[in-house]
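Shown next, in structure tokens, is the structure this report addresses.
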2 protein chains.
Amino acid sequence: MSIDPEPAPVSAKPPVTLREVAAAAGVSVATASKALNGQGRMTAETRERIRETARLLGFRPNSLAQSLLRKRSFTVGLLTNDTYGRFSLPLMAGVSDALVDKGVSVFLCNVEDDQRLGQLHVEAMLDKRVDGIVATGKRIDRHLPVDLSNLRIPVVYAFTQPDPGAVGLVSDDAGGARLAVEHFLRLGRRRIAHVSGPASFAVVHARAQAWRDVMRENSLAVSEPLLGAWSEAWGHDAVEKLFGRAGREGWPDAVFCGNDQIARGVIDALRERGIRVPDDVGVIGFDNWQIVAEATRPPLTSVDMNLSALGREAGLALLSLVDGQPAAPGIRKLPCRLVVRQSCGGPPQ
Amino acid sequence: MSIDPEPAPVSAKPPVTLREVAAAAGVSVATASKALNGQGRMTAETRERIRETARLLGFRPNSLAQSLLRKRSFTVGLLTNDTYGRFSLPLMAGVSDALVDKGVSVFLCNVEDDQRLGQLHVEAMLDKRVDGIVATGKRIDRHLPVDLSNLRIPVVYAFTQPDPGAVGLVSDDAGGARLAVEHFLRLGRRRIAHVSGPASFAVVHARAQAWRDVMRENSLAVSEPLLGAWSEAWGHDAVEKLFGRAGREGWPDAVFCGNDQIARGVIDALRERGIRVPDDVGVIGFDNWQIVAEATRPPLTSVDMNLSALGREAGLALLSLVDGQPAAPGIRKLPCRLVVRQSCGGPPQ
DNA sequence: GCGGGTTGGGAAAAGGTTTTCTCAGAGGGA
DNA sequence: TCCCTCTGAGAAAACCTTTTCCCAACCCGC
């Protein structure tokens with residue numbers, strides 16, 4: 001009876017190293033390295049032989065060793081406090097997409113609103129020598145619960161409040177609002193109301209101001225915006241306020257909403273009152289939260305903040321910072337786009 | 001006139017190394033390393049002095065160097081194809097939370113449904129010597145578009161179809177469905193209908209079967225489940241099918257829905273017909289998608305799959321695999337929980 | 001035949017840490 | 001005094017790759 005050999009863990013053989021490639025090709029590691037990186041001088045034949053050997057052996061350079069030497073790890077950290085992910089996820093996907101092609105990987109760091117967690121993540125990333133950090137959040141007027149101001153590495157802020165002097169990317173909320181209101185105007189609507197979220201949000205004011213501006217530019221009467229919550233329930237209440245009065249002559253013929261949930265509430269409340277959308281009243285939302293916008297009856301026209309493009313831009317901006325290109329500090333605003341569905345009358349011809 | 005010195009890039013001084021700590025403390029790097037790691041033998045006084053020096057200098061060991069030596073990078077990869085993130089995000093947050101405390105960071109890899117992207121991400125992770133991979137998806141009966149079967153490193157599948165022989169974690173859909181149906185029964189409902197998503201989803205059958213089982217165990221008549229789409233619109237249609245017939249004696253007194261969107265559609269359609277929820281008909285959803293569940297009128301009781309707990313478990317399972325603990329292959333099901341709101345009559349006392 | 005340039009390739013250091021081995025000195029027993 | 005054992009600490013190898021420097025051989029023209 002023989003003792004069984006140690007049962008091999010599933011394919012546990014270690015990765016092949018440059019040294020093994022060199023040995024197999026009968027050259028030194030230095031030559032092997034140069035052959036694979038297109039550096040140094042050697043006969044084309046030697047270079048090709050080494051390359052072929054590496055290919056055959058399935059050699060892949062150890063990124064850790066490379067990073068140690070180059071002082072560049074080809075990783076970045078992505079900080080977020082948006083657990084729910086409605087805004088973060090497209091953003092994160094955009095960052096990751098922009099970077100994966102350049103061989104840069106992204107550490108996911110969910111810091112909630114927890115100082116300790118933030119600290120923990122930042123230290124872990126620093127220890128792992130990330131080349132830079134993208135900080136994202138769920139609103140652009142709040143800081144993440146971490147201090148990124150004195151790091152050795154570049155930081156880009158996307159959809160969250162940047163430190164002074166840092167690079168920040170946000171969506172152009174005012175521009176997005178203009179898109180919506182001007183769309184209404186092109187369709188011939190004139191009495192355009194605005195229903196939005198809590199006054200504590202900076203975006204609420206930015207969007208309301210743009211709405212006001214466009215109305216005034218077109219010499220239209222402008223009332224106070226209705227500010228409440230980011231909820232369907234508030235959409236219902238707002239309809240009561242707007243359409244509760246007897247006599248339909250004062251009723252709006254369009255409602256521009258601060259987000260899609262409010263718009264959903266508005267549309268449902270209008271239907272319950274027998275007011276037709278879009279025939280009697282047009283509705284436009286904000287966020288273009290697809291699953292909500294497509295479930296309203298009729299489907300909701302909405303402003304899209306292009307968050308994955310924002311993420312991509314943030315990733316690229318960080319990369320150029322890492323490469324040492326100076327970037328203009330300050331906040332850069334990226335344009336929104338209007339996604340036309342059926343809640344404000346057919347698209348203009 | 002003197003030439004200005006090179007303007008220092010913002011705090012560009014490199015991190016302090018062990019060598020510097022050793023020099024400052026007047027010992028060798030070997031001794032310094034041992035002092036900080038609690039290894040080796042030296043006077044308590046020496047150890048303390050070195051520690052103090054390191055603290056003063058803000059020394060943090062270079063994780064890359066450590067990883068290179070220990071053949072353990074304290075990073076794992078997180079693969080997902082759920083860009084929208086409704087399921088992925090809590091899962092991902094769970095994985096990350098479980099691991100950050102152990103000093104393990106998580107690479108975010110969004111592979112969409114793109115083979116090439118999957119390949120790219122997997123190779124990047126392998127190059128960076130991740131210790132293991134968590135694969136997650138948006139449904140448990142589909143593979144990710146990557147082959148993880150012959151990797152050198154352990155893989156755990158969470159909420160996606162595992163390779164045969166691998167470790168997989170999913171929610172207990174049947175158990176979740178039982179929770180819902182049994183809740184109805186406790187409240188005295190007897191004619192419980194089931195409206196769910198497309199028959200192409202495995203979970204649809206698992207949930208429907210559990211519904212059927214509970215009904216039969218309680219000697220209740222069971223009809224065919226209504227299978228359609230995962231949408232509000234289908235919820236409306238299903239109500240037409242269930243409640244369209246004249247004569248309310250055959251009407252259900254409860255509807256168990258395959259997800260929250262269907263439930264939302266059902267509730268809205270019932271209200272439009274003047275059927276009261278929960279007085280006439282109770283409704284329970286699935287997924288506990290908070291933002292939907294809380295916006296229905298009345299707020300929706302729903303089955304929660306505990307996805308962040310699932311993520312946590314997946315992270316821990318991967319870690320023990322990485323540590324060499326053998327794990328039983330196969331699929332482990334984690335319990336769901338019922339979140340009671342107001343759509344099926346007051347919570348049982 | 002010889003100096004100078006070129007060509008192909010290797011040796012070695014560097015990056016930061018951990019770990020094993022070695023060693024000098026101190027202390028103790030005979 | 002001699003031998004042995006401990007104790008505290010350092011030297012060096014190892015992890016894997018890149019890059020700089022160096023060297024031997026060859027070719028050319030004179």
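The sequence lines fix the lettering, A, B, ..., with proteins before strands; numbering per chain opens at 1. Just so you know, these numbers use all the heavy atoms, side chains as well, and skip hydrogens, waters and symmetry mates.
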side-chain contact (heavy atoms from CB on, under 4.5 Å) between A/Phe59 and A/Leu36, intermediate numbers included: CA-CA 10 Å; A/Phe59 169 75; A/Leu36 297 176; 3.6 Å; yes
Non-neighbouring partners of B/Glu52 that pass side-chain contact (heavy atoms from CB on, under 4.5 Å), sequence neighbours left out: B/Arg55, B/Leu56
Euclidean distance, atom CD of residue A/Gln66 to atom C1' of D/dT19 [Å, nearest integer]: 13 Å
Minimum-distance nucleotide to A/Leu69 side chain [options: D/dC16, D/dG10, D/dT18]: D/dT18
Taking only nitrogen or oxygen atoms into account, show me every contact under 3.5 Å that the protein makes with nucleotides 22-27 of chain D, one pair per line with its distance.
none

Sugar-phosphate only, base, or nothing, as touched by B/Lys71 at under 4.0 Å among non-hydrogen atoms: sugar-phosphate
Length of the CG-C1' vector between A/Leu36 and D/dT19, whole Å: 15 Å
Distance test, side-chain N/O of B/Asn62 to OP1/OP2 of C/dG15, below 4.0 Å: no
Among D/dT17, C/dG16, C/dT19, the one nearest B/Lys34 by side-chain distance: C/dT19
Value in whole Å for how far the P atom of C/dG16 lies from CG of A/Asp127: 14 Å
Comparing A/Arg60 and B/Thr43 on DNA chain D - which has the more 5′ nearest nucleotide: B/Thr43
Touch class at under 4.0 angstrom, heavy-atom based, for B/Ser67 against every strand present: nothing
Residue B/Thr31, side-chain heavy atoms: nucleotide from D/dT18, D/dA9, D/dC15 that is nearest: D/dA9
Under-4.0 Å side-chain N/O to phosphate OP1/OP2 contact, B/Arg70 with D/dC15: no
Short side-chain N/O contact from A/Ser33 to OP1 or OP2 of D/dT18, under 4.0 Å: yes
Euclidean distance, atom CG of residue A/Leu18 to atom P of C/dG10 [Å, nearest integer]: 12 Å
Distance-only donor-acceptor check, side chains B/Thr75 and B/Lys128, under 3.5 Å: no
